[in-house]
Participant: 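Below you will find the structure I want to go over with you.
Keep in mind that the numbers below use all heavy atoms, side chains included, and drop hydrogens, waters and symmetry copies.
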Amino acid sequence: MSTLTIRLPDDTAARLKALAHSRGQSMNKLIEELSAQALAAWDTENHFRALAATGDVRTALAALDRLDDADRKAR
């Protein structure tokens, strides 16, 4: 496990402390969870970018058209 020292504006640090307190968590646990969420979002974005780079535009548009049709029929 690594130890990381970060600098935050005082108001940001105070708000994070309040958020951690409201969740019944330590600051450490809160930052760990927020970091995990940020990394998951980044991994997802990179995954979809890689798929888009290798994808076929016509096939993707056809799939979206089928979804639109199914959505219209469901209404």
Participant: Run the salt bridge (charged side-chain N to carboxylate O under 4.0 Å, His left out) test against R66 and tell me which residues pass, sequence neighbours left out.
Facilitator: none
Participant: Do NZ/NE/NH1/NH2 and the carboxylate oxygens of D69 and K73 come within less than 4.0 Å?
Facilitator: no
Participant: Can you list everything that forms a side-chain contact (heavy atoms from CB on, under 4.5 Å) with L51? Sequence neighbours excluded, please.
Facilitator: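 Checked L51 against side-chain contact (heavy atoms from CB on, under 4.5 Å); matches are H47, F48.
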Participant: May I ask you to list the residues sharing a hydrophobic cluster with M1, side-chain cutoff 4.5 Å, ordered by chain and number?
Facilitator: none
Participant: List the steps and the verdict of salt bridge (charged side-chain N to carboxylate O under 4.0 Å, His left out) for D11 and R15.
Facilitator: CA-CA 6 Å; D11 62 321; R15 292 183 69 203; over 6 Å; no
Participant: So, taking the atom named NE2 in H21 and the one named CG in L16, what distance separates them when rounded to the nearest 0.5 Å?
Facilitator: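 The CG atom of L16 is 14.5 Å from NE2 of H21, to the nearest 0.5 Å.
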Participant: For residues 30-41, tabulate all N or O donor-acceptor pairs below 3.5 Å that involve a side-chain atom, not counting sequence neighbours.
Facilitator:
from, atom 1, to, atom 2, distance (Å)
E33, OE1, Q25, NE2, 3.0
E33, OE2, Q25, NE2, 2.9
S35, OG, I31, O, 2.7

Participant: Check the hydrophobic clustering (I, L, V, M, F, W, Y; side-chain heavy atoms under 4.5 Å; chains of links allowed) and say if L19 and I6 are grouped together.
Facilitator: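 In one cluster: yes.
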Participant: With sequence neighbours left out, write down each residue that passes salt bridge (charged side-chain N to carboxylate O under 4.0 Å, His left out) with D10, or none if nothing qualifies.
Facilitator: none
Participant: For A13 versus M27, what's the shortest heavy-atom pair and its separation?
Facilitator: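 Reported closest heavy-atom pair: O-CE, 4.4 Å.
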Participant: For residues 57-65, dump all side-chain donor-acceptor pairs below 3.5 Å to protein atoms at least two apart in sequence or in another chain.
Facilitator:
from, atom 1, to, atom 2, distance (Å)
T59, OG1, D56, OD2, 2.8

